[in-house]
Amino acid sequence: MSVPRSVALERIAYTLAAPVLAAAPNMSPDGLVSTSVLLAGAAGVGGGAVLAVHSREGTGRKLVRLSPVVFGAAIDAAAMYTTGWGWDAALAAAWAAAGWCLLPLSRSARRHHRPALAPIPQPARTAPAAPAPAVVDDGADEFTRDVRLLWERAGAPGRTTVVHADPHPGTSHDLTMLLRAAEPGRPITGLSEAGVAAAFGVDDRPDVVRFAPVVQQPGRQGGPGWLEVHLTPDEAVRRRKAPTEHEWWADRIGSETGPVPHSAFVKQVRDKQRRVTHYIAQVPDEQGEPRVNLHALAAALKTKYDEGRLFVTVDGTQVLVSLWDSSPLAQVFPATRELLTPDADGRWVTGYLGNGQPARNRVYTDRGAAHGLFVAPSGGGKTQLMGLHVAADALFGAVVMLATEAPDEKTAALGEHTARYGVGALYMIRLLRVMVALMEIRGQMPWEDGKVHEWDPKLPGCPYRMLSAYLDEFLSAARNGDYGAEIMELAELVSVKGRKYGVGLKVAGQSVYVQDGFTQLLCENLRENCIPVILKVAPKKISDMFRALGIPSENTPDPLPRSFSPAEAGRIERVMAGEPEPPSDSNTGGAGWIIEGKQPDVLRTLFMDFKAGIDGFFPDTVATLTDYEIRELELRDLWFDWTEPPRPGEFGPEPDDEDGDEDAPKKRGGGKPRGGKSGPRRDAVHSPRQALDAIRTFTNA
């Protein structure tokens with residue numbers, strides 16, 4: 001066996017150095033050779049200590065290389081204390097023999113060599129690779145075999161096997177896989193969308209990886225041991241960039257957390273003439289009534305709810321979403337005589353709903369004469385709305401009377417087309433007394449068949465006309481200290497029985513709150529026998545207002561915006577330039593809600609231009625009460641000039657001048673309306689009218 005050259009040279013060096021090591025300390029203990037050996041040994045000890053502390057690898061091999069120097073110094077030092085040459089020669093020979101045998105260990109630092117005495121490491125024996133599973137040739141196509149390779153490379157996620165795979169036409173990466181559990185009879189567990197996505201290098205988004213159950217079919221099993229996987233990365237990209245109408249609705253609106261959850265798109269209709277787009281959707285019957293989040297829906301349709309462009313109509317399980325190019329509530333719908341003329345059912349157009357439908361009110365119902373309830377704050381369009389109703393009643397042929405608590409220009413213009421018009425709480429209470437008396441009079445008037453009937457516009461032979469009385473600023477008059485109590489009492493009486501005698505009560509005010517003086521009984525009677533119209537209610541009063549009208553909380557509408565005009569762009573530029581904001585257009589007059597059922601609908605009422613004249617909206621002649629009705633009212637001392645001051649005894653007996661206190665205030669309110677006869681009067685006569693009244697009094701007596 002050949003010995004490396006370096007090993008042979010080092011062995012020769014040990015052989016030649018051994019005699020010198022034995023002789024040097026004996027011949028010259030302080031000589032140069034002995035001193036050099038001792039210094040070399042000391043250096044070897046110090047170097048070994050440094051290596052032991054700081055070296056991280058190869059420390060053992062380096063200490064072996066330093067050991068000959070250290071042991072040589074030890075032998076040199078020992079030779080100084082021995083006698084004779086025998087022990088020195090033996091120690092030197094032992095040192096040379098150790099270097100001769102252990103020398104190969106010092107070669108471990110050399111490249112491609114290992115220490116001679118170290119065990120030669122054997123290459124680790126790896127377990128034989130498991131044989132690749134035999135590929136069963138089941139006639140699968142090339143695409144399925146490629147998918148199987150990718151699936152096996154991923155370690156068969158969920159311990160499943162690819163039965164077959166089908167590519168989606170027109171795509172590069174979309175496919176559908178049919179999986180089954182690797183162990184027959186076991187369900188597929190532990191398979192996740194992320195595991196499938198990782199096997200094919202796609203995202204694990206719900207629109208990319210989707211699982212579907214497998215239904216048993218003839219010739220193929222189903223159930224939990226099978227699973228269908230849809231991978232659609234290409235379809236997901238296309239759906240995000242260019243979705244169809246059905247996909248857009250399903251993703252943005254009809255999703256589980258969308259504005260109209262569980263709804264499915266049906267169709268889209270564009271009305272170019274009216275500039276509105278209608279979206280029709282359907283929810284499953286088992287979902288019940290559709291739930292609509294208007295604010296989220298507005299965001300999905302890229303608009304704002306307070307712009308007044310978006311309106312939703314729910315009909316059973318169908319949903320109609322109307323998106324206008326500009327808010328229909330910001331438009332002006334001029335009133336016309338044709339729109340205000342009632343049809344055969346007594347219905348006429350009050351305005352237009354947010355979805356574009358005409359909003360209709362009525363002059364009578366199947367219960368009799370219709371009442372009316374108009375609520376709006378100052379400047380909300382209440383007088384405009386009342387003018388539309390007055391015109392509709394007049395065109396129907398009804399007798400119209402109007403009383404207002406405070407005069408204004410528009411109300412006075414309407415008064416010219418009514419049978420009677422007056423201002424103040426006194427006028428209003430006299431009108432209400434006439435209405436109550438007419439209920440008694442008409443209840444005794446025979447029809448053409450000689451019988452007495454409840455009023456019905458479709459029944460021939462009625463001897464009187466419908467009477468429609470309007471009370472503007474009703475709550476202010478009802479709070480009048482002298483007449484308020486009787487005004488409210490009479491109004492309640494008319495609201496209960498007036499409809500049966502063709503007497504309709506139309507109340508207009510700024511509130512329907514009980515705490516404002518509006519009794520619950522009056523509110524309920526009017527609500528049940530009319531179609532209320534509420535205009536421009538303050539946001540904080542919305543819930544209370546509709547609760548007072550009997551609207552359930554789930555149907556309480558959201559407040560209307562302060563303006564329907566779109567905000568002008570460029571606000572950032574105006575701020576940077578220090579320019580003021582343009583004035584906001586408060587164009588919500590006439591906008592509000594009409595309540596025909598339990599669900600208030602947003603509407604914009606027709607516009608009656610008082611400045612241009614309103615004569616064209618009314619018939620040429622003003623309808624009045626029949627002569628018989630007037631004679632009966634005169635007999636009851638109720639038909640006279642209602643603008644006169646309180647007449648003696650009109651509101652109860654006058655205090656006796658002799659017995660009573662001259663300074664005591666006269667009682668004007670709270671008294672009952674007088675009947676057809678009255679007791680004798682002792683009033684002073686100061687005018688011909690009072691003299692005539694006194695004569696009548698004595699005659700009746």
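- In this structure, the side chains of Ile595 and Leu549 come closer than 4.5 Å at one or more pairs of heavy atoms.
- Under the 3.5 Å distance criterion, the side-chain polar atoms of Asn525 are matched with a main-chain donor or acceptor of Leu521.
- Pairing each heavy atom of Val349 with each of Leu606, the nearest pair is O-CD1, 3.3 Å.
- Checking side-chain atoms of Glu650 against main-chain N and O of Arg647 turns up a donor-acceptor pair under 3.5 Å.
- Judged by distance alone, the side chain of His371 and the main-chain N or O of Leu505 form a donor-acceptor pair under 3.5 Å.
- Between Tyr464 and His453, the shortest heavy-atom distance links the atoms OH-O, 4.2 Å.
- Checking side-chain atoms of Asp343 against main-chain N and O of Arg347 turns up a donor-acceptor pair under 3.5 Å.
- Residues Thr626 and Pro463 fail the side-chain proximity criterion, which asks for heavy atoms closer than 4.5 Å.
- The NZ atom of Lys497 lies 6.5 Å from the NZ atom of Lys500; values are rounded to the nearest 0.5 Å.
- Counting only heavy atoms from C-beta outward, the side chains of Lys410 and Gln384 approach each other to under 4.5 Å.
- The backbone N or O of Gly397 sits less than 3.5 Å from a side-chain atom of Arg465, completing a donor-acceptor pair.
- Residue Leu490 holds its CG atom at 5.5 Å from CG of Leu432, rounded to the nearest 0.5 Å.
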Exercise. Checking side chain to side chain donor-acceptor pair (under 3.5 Å) for the pair Gln520/Glu524: CA distance, chi angles, key distance, verdict?
Worked result: CA-CA 6 Å; Gln520 188 68 27; Glu524 291 177 355; 3.3 Å; yes
For this session: Give the C-alpha distance, both sets of side-chain angles, the deciding distance and a yes or no for salt bridge (charged side-chain N to carboxylate O under 4.0 Å, His left out) between Asp544 and Arg547.
Result: CA-CA 5 Å; Asp544 294 337; Arg547 188 186 304 113; 2.7 Å; yes
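- Applying the side-chain contact (heavy atoms from CB on, under 4.5 Å) test between Trp593 and each of Val533, Ile542, Val375, Leu353 identifies Ile542 as the sole match.
- Atom OH in Tyr352 sits 11.5 Å away from atom CD in Gln357 (nearest 0.5 Å).
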Problem set entry | Intermediate values then yes/no, side chain to side chain contact (heavy atoms under 4.5 Å, CB included), Leu297 and Leu310 | CA-CA 9 Å; Leu297 181 60; Leu310 177 65; 4.0 Å; yes
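- By the 6.0 Å contact criterion, CG on Asp449 is enclosed, its count of non-hydrogen atoms from other residues, nucleotides or ligands being greater than 12.
- The ring-ring contact (aromatic ring centres under 6.0 Å, His included) check on Tyr501 picks up nothing, with sequence neighbours excluded.
- The only member of Thr411, Asp393, Thr404, Thr418 that meets side chain to side chain donor-acceptor pair (under 3.5 Å) when paired with Tyr470 is Asp393.
- Of all non-hydrogen atoms in Arg337 and Phe617, the two that sit nearest each other are N-CD2, 4.2 Å.
- Between the Thr350 side chain and the Thr605 main chain, no donor and acceptor come within less than 3.5 Å of each other.
- When all heavy atoms are compared, the tightest approach of Gly354 to Phe311 is O-CD1, 3.3 Å.
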For this session: Would you please test Leu431 and Arg420 for side chain to side chain contact (heavy atoms under 4.5 Å, CB included) and show each step?
Result: CA-CA 9 Å; Leu431 172 57; Arg420 285 213 165 185; over 6 Å; no
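- To the nearest 0.5 Å, the span separating OG on Ser327 from CZ on Arg309 amounts to 9.0 Å.
- Between Met608 and Leu340, the closest side-chain pair of non-hydrogen atoms falls below 4.5 Å.
- By the 4.5 Å heavy-atom criterion applied to side chains, Phe474 and Met428 are counted as neighbours.
- Taking OG of Ser495 as the start and CG of Leu493 as the end, the distance is 7.5 Å to the nearest 0.5 Å.
- Closest of all the heavy-atom pairs between Val423 and Glu405 is CG1-O, 3.8 Å.
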For this session: Check the pair Glu596, Arg360 against side chain to side chain contact (heavy atoms under 4.5 Å, CB included), reporting the backbone distance first and the verdict last.
Result: CA-CA 9 Å; Glu596 186 167 3; Arg360 300 191 301 172; 6.0 Å; no
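- The ring-ring contact (aromatic ring centres under 6.0 Å, His included) test with Tyr427 is passed by exactly one of Phe640, Trp642, Tyr421, Tyr483: Trp642.
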For this session: Would you sort out whether Glu454 and Arg499 count as a salt bridge (charged side-chain N to carboxylate O under 4.0 Å, His left out), showing the intermediate values?
Result: CA-CA 9 Å; Glu454 292 186 0; Arg499 58 181 178 81; 5.3 Å; no
For this session: For Val507 and Leu475, run side chain to side chain contact (heavy atoms under 4.5 Å, CB included): C-alpha distance rounded to whole Å, both residues' side-chain angles, the deciding distance at 0.1 Å, then the answer.
Result: CA-CA 9 Å; Val507 174; Leu475 285 181; over 6 Å; no
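- In this structure, Gln287 places its CD atom where more than 12 heavy-atom neighbours from other residues, nucleotides or ligands lie under 6.0 Å away.
- Of all heavy-atom pairs between Phe618 and Leu414, the closest is CZ-CD2, 3.9 Å.
- No donor-acceptor pair under 3.5 Å is formed between the side chain of Gln510 and the backbone N or O of Glu473.
- Arg367 has its side chain within reach of Asn529: a pair of non-hydrogen atoms, C-beta onward, lies under 4.5 Å apart.
- Without hydrogens or angle criteria, Asn361 side chain to Ile531 main chain gives a donor-acceptor distance under 3.5 Å.
- A donor-acceptor pair under 3.5 Å is absent between the side-chain atoms of Glu632 and the main chain of Glu629, judged by distance alone.
- Judged purely by atom type and a 3.5 angstrom limit, Arg362 has no side-chain atom pairing as donor or acceptor with the backbone of Gly346.
- Other residues, nucleotides and ligands contribute more than 12 heavy atoms inside 6.0 Å of the CZ atom of Arg274.
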For this session: With side chain to side chain donor-acceptor pair (under 3.5 Å) as the test, would you mind laying out the steps for Glu492 and Thr519 before giving the verdict?
Result: CA-CA 8 Å; Glu492 287 183 350; Thr519 66; 2.6 Å; yes
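- Inter-residue side-chain proximity for Lys536 and Lys382 is flagged as unmet; no heavy-atom pair is nearer than 4.5 Å.
- Here Leu402 contributes atom CG and Asp472 contributes atom CG; the two are 7.0 Å apart, rounded to the nearest 0.5 Å.
- Side-chain atoms of Cys462 and Trp447, non-hydrogen and from C-beta on, do get closer than 4.5 Å to each other.
- Counting non-hydrogen atoms of neighbouring residues, nucleotides and ligands closer than 6.0 angstrom, the CD atom of Glu409 reaches no more than 12 such neighbours.
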